[in-house]
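Chain letters run A, B, ... following the sequence lines, proteins first and then strands; every chain starts at 1. The basis for the numbers below is simple: all heavy atoms, side chains too, and nothing from hydrogens, waters or symmetry mates.
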Protein chains: 2
Amino acid sequence: MNFSSKLIEQAVEAFATLPGIGRKTALRLTLHLVGKDLENTEQFSEAILNMRRNIQHCSICHNLSDEAICNVCADKRRDRSLICVVESIRDVMAIEDTGQYRGLYHVLGGLINPLEGVGPGELTIDSLLQRATEAETQEIILAISPTIEGDTTMFYITKKLKDSGVGVSSIARGVSFGGELEYADEVTLGRSIVARIPYKLNND
Amino acid sequence: MNFSSKLIEQAVEAFATLPGIGRKTALRLTLHLVGKDLENTEQFSEAILNMRRNIQHCSICHNLSDEAICNVCADKRRDRSLICVVESIRDVMAIEDTGQYRGLYHVLGGLINPLEGVGPGELTIDSLLQRATEAETQEIILAISPTIEGDTTMFYITKKLKDSGVGVSSIARGVSFGGELEYADEVTLGRSIVARIPYKLNND
């Protein structure tokens with residue numbers, strides 16, 4: 001690309017450092033900002049800079065937080081006996097969106113991946129084991145993707161918690177609710193038959 | 001989306017104001033910045049803010065420029081008898097990338113579009129007509145897309161320039177060089193037959 005302006009070029013390069021944004025898209029974003037008021041760009045820039053300057057990791061669950069303790073951990077109405085272990089803040093948001101879970105979280109910050117140099121020490125597993133020893137903790141729910149890295153991480157955590165006395169569970173996996181059997185992938189359908197559960201009548 | 005952090009939410013909202021960026025992508029961009037150093041976000045923010053604060057429109061050709069006069073207009077080696085009229089800075093960049101054109105440009109800033117309330121007065125057409133009266137200007141090349149708005153704009157400019165004495169041309173359109181006839185779209189192929197040109201031997 002042949003930029004007639006250094007300023008435009010620098011802004012395009014800045015946008016193009018973001019994941020999934022190539023130089024053509026970066027140029028479109030830059031020209032969009034040029035077409036708007038200066039105030040608009042100042043607000044955009046301020047929101048991002050302010051976020052990056054002030055964002056913290058919750059000292060209890062390691063989720064991203066505005067304060068030293070996040071608003072889930074600080075919420076007295078949450079069930080403190082349950083800790084749901086997830087990989088990242090995205091998973092926390094997805095579970096919160098369901099409105100079905102009222103316990104606490106623990107954000108690992110990644111999964112064990114020896115090939116990428118991520119061992120248990122790079123994650124917040126020690127802090128999870130510490131939380132598991134607290135009297136109020138009764139159950140740890142693993143909500144981690146069943147990939148090779150996810151399985152390794154779940155295996156490691158479960159092994160470390162074996163003698164702690166807290167229950168360890170994993171979220172249910174199977175054919176989606178409302179999903180047609182013929183459209184379910186083979187692995188999911190196959191496993192959901194192997195891992196079948198007793199059928200209960202609603203008024204049991 | 002249920003954000004556990006106001007700061008993250010504000011950054012996501014800021015990214016999501018950009019064209020083509022939804023909230024899921026905005027969250028990915030935000031988390032990318034969280035995963036990098038603060039310095040990284042400061043540089044990103046600075047490049048964009050600096051661009052928006054200092055970018056100008058060239059007082060001659062209306063292209064985006066770092067100075068009051070852009071580096072194409074200021075370049076003494078460019079052929080000042082030719083003015084290529086384009087819709088936006090993107091077209092200038094595309095033509096500059098070819099390395100085939102050594103004249104000047106004129107950026108309209110849009111096309112005549114009565115349905116969207118864009119009349120000739122909203123574009124830089126008056127300034128173009130003014131430039132056409134200058135002694136050094138000999139030819140005006142219209143490099144505008146042949147859409148309804150583009151055709152209207154070209155028609156308007158050509159009509160206004162009728163008595164000015166400068167030549168008005170349009171870029172050549174037809175089947176791409178190297179393009180297979182069978183893959184050319186019908187309109188292009190049909191028009192390229194109607195608008196055929198005398199075949200010249202290279203050593204003519």
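Counting heavy atoms from C-beta outward, F15(A) and I48(B) have side chains that approach closer than 4.5 Å. Residues I55(A) and S5(B) meet the side-chain proximity criterion, which asks for heavy atoms closer than 4.5 Å. You'll find the side chain of I21(B) reaches within 4.5 Å of the side chain of I21(A), heavy atoms only. Contact check for M93(B) versus L27(A): side-chain heavy atoms found under the 4.5 Å cut-off. For the pair M51(B)/V34(A), a side-chain contact is recorded, criterion being any heavy-atom separation below 4.5 Å from C-beta on. Side-chain contact between L64(B) and L7(A) is absent, with no heavy atoms from C-beta onward closer than 4.5 Å.
In this structure, the separation between CD1 on I89(A) and CG on L31(B) is 6.0 Å, given to the nearest 0.5 Å. Rounding to the nearest 0.5 angstrom, the gap separating the CG atom in N50(A) from the OG1 atom in T41(B) is 11.5 Å. Of the inter-residue distances, the one linking I8(A) atom CD1 with N63(B) atom CG reads 8.5 Å to the nearest 0.5 angstrom. The structure places CD of E42(B) at 10.5 Å from OG of S45(A), a figure rounded to the nearest 0.5 Å.
Contact of D75(A) with chain B is not made at all, since no heavy-atom distance falls under 4.5 Å. No part of K24(A) comes within reach of chain B, as not one of its non-hydrogen atoms sits under 4.5 angstrom from that chain. Of the two parts of L33(A), the backbone and the side chain both hold a non-hydrogen atom closer than 4.5 Å to a non-hydrogen atom of chain B. In this structure, the portions of T30(A) lying under 4.5 Å from any heavy atom of chain B include both its backbone and its side chain.
Heavy-atom pairs under 4.5 Å with chain B peak, among D37(A), V92(A), T17(A), V72(A), at D37(A). Contacts with chain B were tallied for E96(A), H32(A), E13(A); H32(A) has the most, counting heavy-atom pairs under 4.5 Å. Residue with the most contacts toward chain B among Q43(A), K6(A), E46(A): K6(A) (heavy-atom pairs, distance under 4.5 Å). Between chain A and the residues Q10(B), E9(B), R28(B), the most heavy-atom pairs under 4.5 angstrom are made by R28(B). Considering only heavy-atom pairs separated by less than 4.5 Å from chain B, the leading option among G99(A), C58(A), A14(A) is A14(A). Of the listed residues (A11(B), S65(B), G109(B), P19(B)), the greatest number of heavy-atom pairs within a distance under 4.5 Å of chain A belongs to P19(B).
Enclosure of atom CD1 in I148(A) is not indicated, since only 12 or fewer non-hydrogen atoms of other residues, nucleotides or ligands lie within 6.0 angstrom. Heavy atoms of other residues, nucleotides or ligands lying less than 6.0 angstrom from CD of E134(A) number more than 12. Annotation for E67(B): atom CD does not count as buried by contact number, only 12 or fewer foreign heavy atoms lying within 6.0 Å. Counting heavy atoms of neighbouring residues, nucleotides and ligands inside a 6.0 Å radius, atom CZ of R191(A) does not exceed 12 of them.
A distance-only check finds no donor-acceptor pair linking the side chain of R52(A) to the backbone of N40(B) [under 3.5 Å].
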